[in-house]
Participant: 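Below: one structure in C-alpha cells.
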Amino acid sequence: MLNKNQLKAVMANDRFIFLLAGAGTGKTTVIENRVKRLIKEGHHKMLLISFTKKSAESLRRRINTELETVITSTFHGFCYQALKDIYKLDIVTEDQLLISGFTNHEIKEIDCFKRNNQTNYLVKKYNQYLRDNKLFDFTDLEVLMLKKMKSDKLFSKRIKDSFDYIFIDEFQDTSDIQYELIKTLKTSTNAFFCVGDPDQSIYAFRGASRRVIDLYLKEFKAALYLLDLNYRSSQEIIRLANNLIKHNDNRYGKKLVCFIKEKGHIDLKYFKNTEIKNQYILNEIRLLLNRGIKQEDIAILYRNHFVANKLKDCLFETYFERIQLMTIHQAKGLEFKVVFMIGMNEEILPMSQIDIEEERRLMYVGLTRSQRYLYIMVNLETHQPSRFILELFRS
C-alpha cells in the first residue's frame, strides 16, 4: 500500500523527475512500482542504474521481470557491457596491484584522486602501470564510455535508442563524470527518473558531487517530488536526526516525519576509557539478546576502523560473531533494530580539517540506520565529545 506521496511519484508523467527521498521513506518501493507500472503500460526499454552491485541485484530481484530490455546495473557494469565488444577490457584487480608493489593505502589514495579527476606522482605511476599492462580501472571505463558517446555517432545512437526510460538511484552519490554520461543518454523523447537524498551524500572522497542534483534540476528542468514519511525509525530517533541535519546550510528544506508510533530507546553514554566502554557494550548486548533481539539485528558503527579494533576482539572472544561491525559508510542503505555509534568525539566524528557538513551528513546516516535502539557513545580518554551531540539534543 503506497502512501500519497509515493503514489504521486509512481504515477507522475513528467518527462524528467527528481525524487527527493529521505532515509527510510520507501524509495526502492517507488522505483519498483514505477517500473512495474511502465511495463504494464507496454514500455519495456529501460535502464536502471544503482550505486552498488548489491543494490542493483536487489532491485533486479524486486522488479522480477524476464524482459531482456530492462537492464539493471551499476555505472561501471553498464559501461563495461557497452564497450566490451569494441575494446579488450581487462579490469585491474587489487591483488595485481599489491603484487606489483602498490600498498593498500596507496590503492585507496589513487582511487580517491582518480575519481576526483586529480593527479599526483602516485597516480601517474599507477596509470603508467595500467598502460604497460593494457589494464583498465572503473574510472577509466566511465571516461572511455563518455569519449565514445561523444565521438561515435552510430555507437551513441545505438545506446540511446536502447532505453526509453532511465532510472538513477542514489543520485546524490553521482560523480561529475557520471553526470556527464547521463547527459549523453538524453534524447528528444526519453524520460529520466532520478532518486536521491542530499542529506545522505557522504562519498565526496570517492568523487561524488552534490552539485549534480542542482545541475539536473536546472539543466533538465526536472519536476521535484518528495518522500518524507519515514517507516524505519522511532519518533525519538527521527527527532534527533532532524535536529542534527538542520544545522547544515547547504541543503534542501526537508524534515522527516515519523510513521512508527512505538517508542524507541536513546542512550547517550560517556566513558572514562575504552575498557569500560567495551564492557558496557557487551553487557547491553547480552540484555538485548535476552529480550529476543537477534545478533544480526545489532550493528556497531564507527567513523574509522581504529575506533573498533579492541571491541572486535572482545566480541569474537564472547562469541558475538554475527553482530555487525562496520563503518558508517559501509552501513549506508542498511537498517538494524539496534545501533551503537561509537567514537562520537571531536577529531573522529567530525574529523579535523574536513567538510563539516559532510561529516554531519555522515552522522545523520548513522543515526537513521537504527529502528528502535540507539546508543551514542563518547570516550573521554581520547578527545572532547563531538560538537554534534549538542546539536542532536537541542531542538
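Hydrogens, waters and symmetry mates are skipped; everything else that's a heavy atom, side chains included, is used.
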Participant: State, yes or no, whether a side-chain contact exists between F171 and L19 at a heavy-atom distance under 4.5 Å.
Facilitator: no
Participant: Donor-acceptor pair, Q178 side chain versus S175 backbone, under 3.5 Å?
Facilitator: yes
Participant: Starting from the C-alpha separation in whole Å, work towards a yes-or-no answer on side-chain contact (heavy atoms from CB on, under 4.5 Å) for T327 and Y302.
Facilitator: CA-CA 5 Å; T327 65; Y302 40 87; 3.7 Å; yes
Participant: Would K332 and D173 count as a salt bridge (Lys or Arg N to Asp or Glu O under 4.0 Å) if you check the C-alpha gap in whole Å, the side-chain angles of each, and the deciding distance to 0.1 Å?
Facilitator: CA-CA 11 Å; K332 180 142 183 307; D173 296 328; 3.3 Å; yes
Participant: Let me confirm one number: the OG1-CZ distance from T74 to F51, rounded to the nearest 0.5 Å.
Facilitator: 10.0 Å
Participant: Does the separation of the ring centres of Y375 and H265 fall below 6.0 angstrom?
Facilitator: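 Yes - the distance between ring centres of Y375 and H265 falls below the 6.0 Å cut-off.
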Participant: Checking E391 against K246 for the salt bridge (Lys or Arg N to Asp or Glu O under 4.0 Å) test, could you report, in this order, the C-alpha distance in whole Å, the side-chain angles of both residues, the deciding distance, and whether it holds?
Facilitator: CA-CA 9 Å; E391 297 174 0; K246 72 182 181 183; over 6 Å; no
Participant: Do T184 and L181 come within less than 4.5 Å of each other through their side chains, counting heavy atoms only?
Facilitator: yes
Participant: Near E68 CD, under 6.0 Å, is it more than 12 heavy atoms from other residues, nucleotides or ligands?
Facilitator: no
Participant: For a side-chain hydrogen bond (donor to acceptor under 3.5 Å, both in side chains) check, start with the C-alpha distance between Y126 and D111, then their side-chain angles and the critical distance, and finish with the verdict.
Facilitator: CA-CA 10 Å; Y126 166 81; D111 185 51; over 6 Å; no
Participant: Quick check on side chain to side chain contact (heavy atoms under 4.5 Å, CB included): which of V35, L47, L59 does T72 satisfy it with?
Facilitator: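 Testing each of V35, L47, L59 against T72, the sole residue satisfying side chain to side chain contact (heavy atoms under 4.5 Å, CB included) is L59.
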Participant: Could you walk me through whether M145 and F155 pass the side-chain contact (heavy atoms from CB on, under 4.5 Å) test, one step at a time?
Facilitator: CA-CA 10 Å; M145 181 71 175; F155 174 83; 3.9 Å; yes
Participant: E236 versus K263: any side-chain heavy-atom pair under 4.5 Å?
Facilitator: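 In contact.
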Participant: Is the shortest side-chain heavy-atom distance between Y129 and L135 below 4.5 Å?
Facilitator: yes
Participant: Applying salt bridge (Lys or Arg N to Asp or Glu O under 4.0 Å), run through R387 and E346 and close with a yes or a no.
Facilitator: CA-CA 7 Å; R387 71 190 75 177; E346 290 291 311; 2.8 Å; yes
Participant: Run the numbers on N379 and Y270 for side-chain hydrogen bond (donor to acceptor under 3.5 Å, both in side chains), then give the verdict.
Facilitator: CA-CA 6 Å; N379 191 346; Y270 297 84; over 6 Å; no
Participant: Answer yes or no for K186 and F220: cation-pi contact, defined as NZ/CZ to six-membered ring centre under 6.0 Å and angle to ring axis within 45°.
Facilitator: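 That pair qualifies as a cation-pi contact.
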Participant: So, E170 versus S50: side-chain donor-acceptor pair below 3.5 Å or not?
Facilitator: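 Side chains of E170 and S50: no pair found under 3.5 Å.
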Participant: Compare all side-chain heavy atoms of I49 with those of D169 and state whether any distance is below 4.5 angstrom.
Facilitator: no
Participant: Name the one of N248, L256, L240, I202 that satisfies side chain to side chain contact (heavy atoms under 4.5 Å, CB included) with Y364?
Facilitator: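 Among the candidates, only L256 passes.
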Participant: Test your reading of the model: is there a side-chain donor-acceptor pair from S201 to the backbone of P198, 3.5 Å cut-off?
Facilitator: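 Between the backbone of P198 and the side chain of S201 there is no qualifying donor-acceptor contact (under 3.5 Å).
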Participant: Are there over 12 heavy-atom neighbours, none belonging to Y280, within less than 6.0 Å of that residue's OH?
Facilitator: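 Buried by this count: over 12 neighbours within 6.0 Å.
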Participant: Please check this pair: side chain of R34 against backbone of A12, looking for a donor-acceptor N/O pair closer than 3.5 Å.
Facilitator: yes
Participant: Can the ring centres of Y225 and F18 be said to be less than 6.0 Å apart?
Facilitator: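 Aromatic pair excluded; centres sit 6.0 Å or further apart.
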Participant: Evaluate the criterion side-chain hydrogen bond (donor to acceptor under 3.5 Å, both in side chains) for residue pair S58 and S55; output intermediate values, then yes/no.
Facilitator: CA-CA 5 Å; S58 174; S55 60; over 6 Å; no
Participant: Is a side-chain N or O of K27 found less than 3.5 angstrom from the main chain of G196, in a donor-acceptor match?
Facilitator: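 Checking the backbone N and O of G196 against the side chain of K27, no donor-acceptor pair under 3.5 Å is found.
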Participant: Is a side-chain N or O of D164 found less than 3.5 angstrom from the main chain of A191, in a donor-acceptor match?
Facilitator: no
Participant: I'd like to know if the side chain of E142 and the backbone of T139 have a donor-acceptor N/O pair within less than 3.5 Å.
Facilitator: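 Answer holds: no.
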Participant: Side-chain contact, heavy-atom cut-off 4.5 Å: D267 with I376?
Facilitator: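 Counting from C-beta outward, D267 and I376 never come under 4.5 Å.
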Participant: Should we say atom CD of Q384 is surrounded by more than 12 heavy atoms from elsewhere, each under 6.0 Å from it?
Facilitator: no
Participant: Measure from the side-chain N and O atoms of E381 to the backbone N and O of T274, and report whether any donor-acceptor pair falls under 3.5 Å.
Facilitator: yes
Participant: Checking salt bridge (Lys or Arg N to Asp or Glu O under 4.0 Å) for the pair D140/K114: CA distance, chi angles, key distance, verdict?
Facilitator: CA-CA 9 Å; D140 294 331; K114 286 199 70 169; 2.8 Å; yes
Participant: So, do R15 and N190 sit near enough that their side-chain heavy atoms are less than 4.5 Å apart?
Facilitator: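 They are in contact (side-chain heavy atoms under 4.5 Å apart), so the answer is yes.
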Participant: How about F192 and Y165: are their ring centres within less than 6.0 Å of each other?
Facilitator: no
Participant: Is K125 positioned over the aromatic face of F102, cation under 6.0 angstrom from the ring centre and no more than 45 degrees off axis?
Facilitator: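 K125 over F102 ring: yes.
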Participant: For the backbone of I348 and the side chain of N345, can you confirm whether one donor and one acceptor N or O come within less than 3.5 Å of each other?
Facilitator: no
Participant: Under 6.0 Å between ring centres, would you say that holds for Y179 and Y216?
Facilitator: no
Participant: Please confirm whether the backbone N or O of E321 pairs with a side-chain atom of Q295, one donor and one acceptor, at under 3.5 Å?
Facilitator: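 Present.
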Participant: Does M149 reach the side chain of S156, with side-chain heavy atoms less than 4.5 Å apart?
Facilitator: yes
Participant: For V339, does its backbone N or O pair with a side-chain atom of R369 as donor and acceptor, under 3.5 Å?
Facilitator: no
Participant: Which residue is it: N242, D228, D197, T25? I am looking for the one with a side-chain hydrogen bond (donor to acceptor under 3.5 Å, both in side chains) to K254.
Facilitator: D197
Participant: So, using salt bridge (Lys or Arg N to Asp or Glu O under 4.0 Å) as the criterion, who are the partners of K53 when residues are at least two apart?
Facilitator: none
